[in-house]
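Every chain is numbered from 1 and lettered A, B, ... according to where its sequence line falls, protein lines coming before strand lines. For clarity, every value in this text was computed on a predicted model and none was experimentally measured.
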Protein chains: 2
Amino acid sequence: MEKNRAITSLAALAHDQRIDVFRLLVKAGPGGMIAGQIAQTLAIRANTLSNNLNILSGAGLIRSTREGRSIRYFADMEGMRVLLSFLMEDCCGGHPEQCQPVLNQIA
Amino acid sequence: MEKNRAITSLAALAHDQRIDVFRLLVKAGPGGMIAGQIAQTLAIRANTLSNNLNILSGAGLIRSTREGRSIRYFADMEGMRVLLSFLMEDCCGGHPEQCQPVLNQIA
DNA sequence: TATATATTTCCATAATACATGAATTATGGA
DNA sequence: TCCATAATTCATGTATTATGGAAATATATA
């Protein structure tokens, strides 16, 4: 992963509404949620949400598919995995005992 | 973890120099690095680095101890773990098959 | 075609973060 | 004590980012 992409992803998550949206989609799981549901659940205006969904998409953290008039959004777990890999790169190279506790206990 | 703390941590990492510093300290492992070494390795001015180290510390992503005139910095793996837990919260609740691939393949 | 719903785009203003030079604090050695 | 080294703090001009109103686009239904 290139560094600029990682920074884009981290900046996307470092935002009051977007972190809520991402975590909501993580919880929603494979079923995802349509934009309107997200806006209603989090009490966000449609245009602000649209902008923030676009930023999360550009950051590779969520995906979407159109369903009639609605658009359904999903957390992109692969994007998240790539981001974490970049941040933890070479951590476990010489010192696996320092890195492993980070990964355990997350579930 | 409270949301504002997570946002602070993510914003700390979403920065060209700070992400370099963090990853350098992750690679350095338990031995850490003194500030001067970091500045030299990454070619960062002392005052800029100091400011960015302070931001990373405040975000709970690195720690430090003084060693004579120098200060040694370490990646804070526990802080990282807490951040990831917050982001992935409840992911594995109903759909462990979506969350697990994120955690594997990182090492 | 006309209307309603869902979402996005455009734009202006306000707020925030950034890098740098200069000065300051802290520690160790002569 | 005096000086050198290591790191931090402060002030400031610049640039980036966020927000919300209004308008526009896309799709479905009557």
Distance under 4.0 Å to a non-hydrogen atom of chain B counts as contact; along DNA chain C, which nucleotides mark the start and end? C/dC18 to C/dG28

If every non-hydrogen atom of B/L61 is compared with every non-hydrogen atom of B/F22, which pair is closest and at what distance? O-CE1, 3.5 Å

Compare all side-chain heavy atoms of B/H15 with those of A/L10 and state whether any distance is below 4.5 angstrom. no

What is the distance from CZ of A/R66 to C1' of D/dA26, rounded to the nearest Å? 5 Å

Check the hydrophobic clustering (I, L, V, M, F, W, Y; side-chain heavy atoms under 4.5 Å; chains of links allowed) and say if A/I55 and B/L13 are grouped together. no

Would you mind listing every salt bridge (charged side-chain N to carboxylate O under 4.0 Å, His left out) that reaches into residues 31-44 of chain A, with sequence neighbours excluded? none

Contact list for DNA chain C against residues 19-31 of chain A - heavy-atom distance below 4.0 Å: none

Between B/E78 and B/R81 (salt bridge meaning N to carboxylate O under 4.0 Å), is one present in this structure? yes

The answer to which of A/R69 and A/R18 contacts DNA chain D further toward the 5' end, by nearest nucleotide, is A/R18

Could you tell me which residues satisfy side-chain hydrogen bond (donor to acceptor under 3.5 Å, both in side chains) with B/R63, sequence neighbours excluded, listed by chain and number? none

Is it possible for you to say whether B/L24 and B/L53 belong to one hydrophobic cluster, with membership spreading through side-chain heavy-atom contacts below 4.5 Å? yes

Output all residues satisfying side chain to side chain contact (heavy atoms under 4.5 Å, CB included) with B/T8, sequence neighbours left out; order by chain, then residue number. B/A59

Would you say B/E89 and A/V26 make side-chain contact, with heavy atoms under 4.5 Å? no

Close approaches to DNA chain C from residues 33-55 of chain A, in residue order (heavy atom, under 4.0 Å): A/A35, A/G36, A/A46, A/N47, A/S50

Those residues that, when tested against A/Q37, pass side chain to side chain contact (heavy atoms under 4.5 Å, CB included) (two or more places apart): A/M33, A/I34

hydrophobic_cluster_shared for A/L87 and B/F74, side chain cutoff 4.5 Å: no

Does A/D20 have any side-chain hydrogen bond (donor to acceptor under 3.5 Å, both in side chains) partners at least two apart in sequence or in another chain, and if so, which? B/K3

Which pairs would a plain distance check flag for residues 42-52 of chain A, meaning a side-chain donor or acceptor within less than 3.5 Å of a matching protein atom at least two apart in sequence or in another chain?
from  : atom 1 : to    : atom 2 : distance (Å)
A/N52 : OD1    : A/R18 : NH1    : 3.0
A/N52 : ND2    : A/Q17 : OE1    : 3.1
A/N52 : ND2    : A/T48 : O      : 3.4

Show me, range against range, the stems involving DNA chain C, built from at least 3 consecutive Watson-Crick or G-U pairs below 3.5 Å. C:1-30 with D:1-30

Whole angstrom value for the distance that separates P of D/dT16 from NE2 of B/H15: 13 Å

Base, sugar-phosphate, or nothing: which does A/R72 touch, judged by heavy atoms less than 4.0 Å apart? nothing

